[in-house]
Amino acid sequence: MPHKEKRADLHVHTNLSDGTFSPEEVVEYAIKIGLSAIAITDHDSIEAIALAIKAAEGKNLEIIPGLEFTTELENCEAHILGFFIDYNKKWFTDELLHLRQMRHIRMQKMLECLSKKGIDITMDEVKSVSGEGSLGRLHLAKLLFKKGHVSSVRSAFDKFIGSGKSCYVSGDRISPQDAIAMIIKANGVPVLAHPHIMGQDRFIPKLVKAGLKGIEVYHSDHTAAAINHYKKIAEEFGLLMTGGSDCHGMGKGKILMGTVTVPYEIVEQLKNAR
Ligand code: AMP
Ligand code: ZN
Ligand code: FE
Ligand code: FE
């Protein structure tokens with residue numbers, strides 16, 4: 001049998017943020033498709049990590065403890081991934097609890113905005129979609145679709161809650177520099193997520209100065225041109241080139257896990273960058 005190259009998907013969400021798969025289901029699927037490693041990267045949340053590690057015990061799958069911070073700089077959204085974080089430290093979980101409260105307030109503001117447009121959605125309804133996990137816009141977008149206010153989940157973002165749209169709530173989010181500092185303090189490796197979605201290359205030198213170590217060159221929303229562009233930027237700034245599918249279970253219409261992967265060598269590079 002030919003030697004099979006070890007592959008890793010370094011961007012996976014669970015239902016403890018806005019994915020639809022439980023940590024156990026994520027692990028089961030990753031094993032089924034033959035991945036060697038996955039990074040669990042929930043939004044402002046680390047709760048799935050221990051559950052995934054437990055589910056993968058004794059199996060041929062490495063779980064990389066990670067997360068994805070939602071941050072804001074100059075009114076633009078930037079997502080910062082943290083890999084190999086010491087996720088159980090109290091100061092860290094306290095910070096996440098604070099971000100969780102901010103997400104609740106932000107959701108309330110979005111619901112108020114929608115209500116002014118005659119769209120009535122309650123926090124209880126949002127929580128019936130999100131469960132106990134980290135509240136996010138994908139939960140709200142699903143409800144807007146389910147209740148017939150928009151024609152698709154994506155159009156909920158295009159019409160109401162996407163960056164800069166009428167019910168987008170900005171402010172009260174940490175800066176990417178703060179997220180990078182927290183990840184470094186937690187002994188992890190900070191990486192800029194899907195830079196093409198952010199679309200603000202001018203931020204990159206500032207983030208490098210703040211301690212950024214890598215850039216997510218490969219992502220399910222990156223075109224071949226975007227990949228080439230960010231490869232060059234990574235070379236220019238000496239950044240690691242990571243990649244992942246940003247799988248949200250069925251949350252984005254289809255299962256993305258494994259559709260964007262990197263060689264296991266990148267996992268070693270991340271370990272060495274701590
Ligand atoms: P939040 O954590 O509340 O800021 O929401 C972020 C989530 O919304 C992520 O899962 C994104 O993939 C999703 N999202 C953001 N913008 C869009 C968009 N334009 N279309 C679809 N999903 C989006
Ligand atoms: Zn998400
Ligand atoms: Fe993201
Ligand atoms: Fe993500």
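Each ligand, and each atom within it, is numbered from 1 in the order the structure gives. Everything numeric in this text was worked out from a predicted model, so none of it was measured.
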With a cutoff of 4.0 Å, is [X] in contact with ligand 1, counting heavy atoms of the residue only?
| X | answer |
| --- | --- |
| R173 | yes |
| R106 | yes |
| H139 | no |

Does atom [atom1] of [X] have more than 12 heavy-atom neighbours, drawn from other residues, nucleotides or ligands, at distances under 6.0 Å?
| X | atom1 | value |
| --- | --- | --- |
| E265 | CD | no |
| K232 | NZ | no |
| N60 | CG | no |
| K271 | NZ | yes |

Do the side chains of [X] and [Y] get close enough for a salt bridge, i.e. N-O under 4.0 angstrom?
| X | Y | value |
| --- | --- | --- |
| R100 | E47 | yes |
| D44 | R103 | yes |
| E268 | K6 | no |
| E236 | K231 | no |

Can you name the atoms of ligand 1, numbered from 1 with element, that are less than 4.0 Å from a heavy atom of [X]?
| X | value |
| --- | --- |
| G136 | 3 (O) |
| K252 | 10 (O), 11 (C), 12 (O), 13 (C), 22 (N) |
| R103 | 1 (P), 2 (O), 3 (O) |
| R154 | 20 (N), 21 (C) |
| H248 | 10 (O) |

Give a yes or no on whether the backbone of D221 and the side-chain of H219 come within a donor-acceptor separation of less than 3.5 Å.
->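 Pair found, side chain donor or acceptor close to backbone of D221.
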Sidechain-backbone polar pair: D9 side chain, G258 backbone, donor-acceptor under 3.5 Å |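 Here the side-chain-to-backbone pair exists.
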Would you check if the Fe ion (ligand 3) lies under 2.8 Å from any N, O or S atom of H79?
->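 Yes, H79 qualifies, because one of its backbone or side-chain N, O or S atoms lies under 2.8 Å.
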Answer yes or no as to whether an N/O/S atom of H43 is found below 2.8 Å from the Fe ion (ligand 3).
->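 No N, O or S atom of H43 is closer than 2.8 Å to the Fe ion (ligand 3), so no.
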Please answer: with hydrophobic residues joined when any side-chain heavy atoms are less than 4.5 Å apart, are L256 and V260 in the same cluster?
->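 No, separate clusters.
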N/O/S atom name from E68 that is nearest to the position of the Fe ion (ligand 3) =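 Checking each N, O and S atom of E68, the shortest distance to the Fe ion (ligand 3) belongs to OE2.
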Which atom of H194 approaches the Fe ion (ligand 3) most closely (N/O/S) |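 This turns out to be NE2.
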I266 versus F83: any side-chain heavy-atom pair under 4.5 Å?
->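 Counting from C-beta outward, I266 and F83 never come under 4.5 Å.
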Would you say D158 has any N or O atom under 3.5 Å from an N or O of ligand 1, going by distance alone?
->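 No, there is no polar N/O contact under 3.5 Å.
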Work out the angle at the Zn ion (ligand 2) between OD1 of D18 and NE2 of H248, rounded to 10°.
->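 My answer is 90°, to the nearest 10°.
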Do any of the N, O or S atoms of H13 sit under 2.8 Å from the Zn ion (ligand 2)?
->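 Checking the Zn ion (ligand 2) against H13, no N, O or S atom falls under 2.8 Å.
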Mode of [X] contact toward ligand 1 - side chain, backbone, both, neither (heavy atoms, under 4.0 Å):
| X | answer |
| --- | --- |
| D18 | side chain |
| H13 | neither |
| H43 | side chain |

Closest approach of any protein heavy atom to atom 6 (C) of ligand 1, naming residue and atom =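 Here the nearest protein heavy atom works out to R137 NH2, 3.8 Å.
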Around atom 19 (N) of ligand 1, find the nearest protein heavy atom and jot down its residue, atom name and distance.
->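 The closest one turns out to be F157 CB, 3.5 Å.
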